[in-house]
Each structure stands twice: as C-alpha cells, then as structure tokens.
Amino acid sequence: MLQETVDAHVHLSERRDDTLIRFARMNGLRYTLDELLGTMRRHKIARGLLLSPPLKRAVPLPNEEIIGLCRRSGGMLAPVITVEPTAKEVKAAVKLGEENRREVKAFKIRLGYVKASAESPVYDRLYHYAESAKLPVLFHTGDTAFSNGDLARSHPLTLDGLANKREELTMILCHFGNPWFMDVAELIYKHPNVYTDISGLTTPSAYAEKYAKWLARKISEAIYYAGGAERVLFGTDYPVTKHSETLALVSRLDIDERDKEKILSRNAKRVFRL
Ligand SMILES: [Zn+2]
C-alpha cells in the first residue's frame, strides 16, 4: 500500500511582517492556510510539521501562533517549537512543549540566524528535555535566507560534536546542509541519531532546469555514500519551495522506489511518531 506523504518542514503565518512573503511572491503563492491545506490534499500529503517563519526585526513568529494555526488545520499540521538562545526562551519552549505534549512533534534551533552555536550551554536544558520526551531537534544548516547569516555556525559539521556527546538526542539537519551535502552524508552515515531533510533547496533561477538535475544527482550520491535513505526526510520549506518542485526532486532521485517511500513517509512517521 502506498504510504501517505509527510512534509517535515512547512512555514506559515498571517502576519504582514513575515519575511518569507518575498519567497511566496517569487513562487506565485498566496501563502495562506487554505492554500497550504488545499495543496497538501492535492499532492496527498497527509501531515505537515509547522515551523515559525522569521519576522522582520529578526525574531521568529511566536510559538503560540504556530500552535493556533495547527489547531485550525483539522489535524493536518503539527507544531514544531522554535527555541531562541536565552535561558528565558529555552525555559518557555520546554514549558510549551510540556503543556502541549500531545501536539508538539519537535523543536527547532535557527543556527546561522542566532548568536549561538549548537553546543552553546544555553541549549543544555532543551536537549535534556528533548531526550527525555523523545522529541527530535531540528537545526537550520547551510545557506541562510539573508545575506547577514552566520555560515560558521550553520555549517553542518558544527553538529558532529553535539551528536558525539548526545547519542540519545535525535537531530535533524535541515536543507541537507545546502550546499554541504557530502558533509551531511558523512554525519548521517556516522551517527545513528542524525537525520536530514531535503527542504528549501530549489528557488527560481536562470539555471533552474540544470540546477534541478545537478541537485538530484548530488542528493542521490549523498544517499549512496550513506548507504541508504533511512534518515532522509521529505520537506518543502513552503513557501520557499513549491510542493510540486520538492516532489519532482524525489522522483528524479536515482534510488530504489522503496527508498523514495521511506523519504516521503516512513522515516518521518518513525522519527516524529506520527
Ligand atoms: Zn525553513
């Protein structure tokens, strides 16, 4: 039986100061809850994990608004709590996770956008809670959406030390470390607790056709190196990348059909316990 697809990386807000509106416009998207749910149904995407988009003034949308949007989605969207690097924010995020235990599926750290690295002690309390509650932590890795991002902190290899120290922590490296795909291949090969997603890798460009082929080849090669697709997750990064484009990327991968099914559905169901 064909499994239902899970989108492990979705953004949405109803705020005019949402900085992802720029990407929605580039992709010709309305970027509304109705559009998102309609598009998911059309592509047979049964569940999506909803993450805060960045607002102007460099702050993420409050997590309470993410939980609210998920409640209006009729069970199609589940919240991921974004955690900023202050003791107060970490404490609040853990509390929100506790209070909404049945709904919250993961936490997210915005490496490259915040002034802390993954191993900063400020996150210790969060990692401890995530391990005990068996909730994965998503890390932004690789290219940043704005020119003032901090690549030294978002480089995927900065996660190796944390994965060494915390074998009980499930870590998801977003965007396959773009463009450091082979670094991520090594991390998912080396660490049983490290996963990655293929979200947000395509945006409109003059070389879109050639880039799409190049990208499919790179991701396929990373999967050969890792020896399988057990820890690769489908994600769109809506509205940064359109659903149709990320699905096309999966179909272009030169891997077994069974592995494509793992990427689209099985891996996410296992890691997020959906
Ligand atoms: Zn994202």
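Heads up: numbering here begins at 1 and tracks the sequence. Ligands are counted one by one from 1 in listed order, and the atoms in each one are counted from 1 as well.
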Check: D160/H191 side-chain N/O donor and acceptor closer than 3.5 Å: yes

Protein N/O/S neighbour count - the Zn ion (ligand 1), strictly under 2.8 Å: 3

Distance-only polar pair, side chains of T236 and D7, donor-acceptor under 3.5 Å: yes

Distance-only side-chain donor-acceptor flag, E14 / Y31, under 3.5 Å: no

Aromatic plane relationship, H175 with H9 - under 30° parallel, 30 to 60° tilted, over 60° perpendicular: tilted

With sequence neighbours excluded, residues passing side-chain contact (heavy atoms from CB on, under 4.5 Å) with R47: V6, A78, K105, L274

Under 3.5 Å side-chain donor-acceptor pair for T32 and D34: no

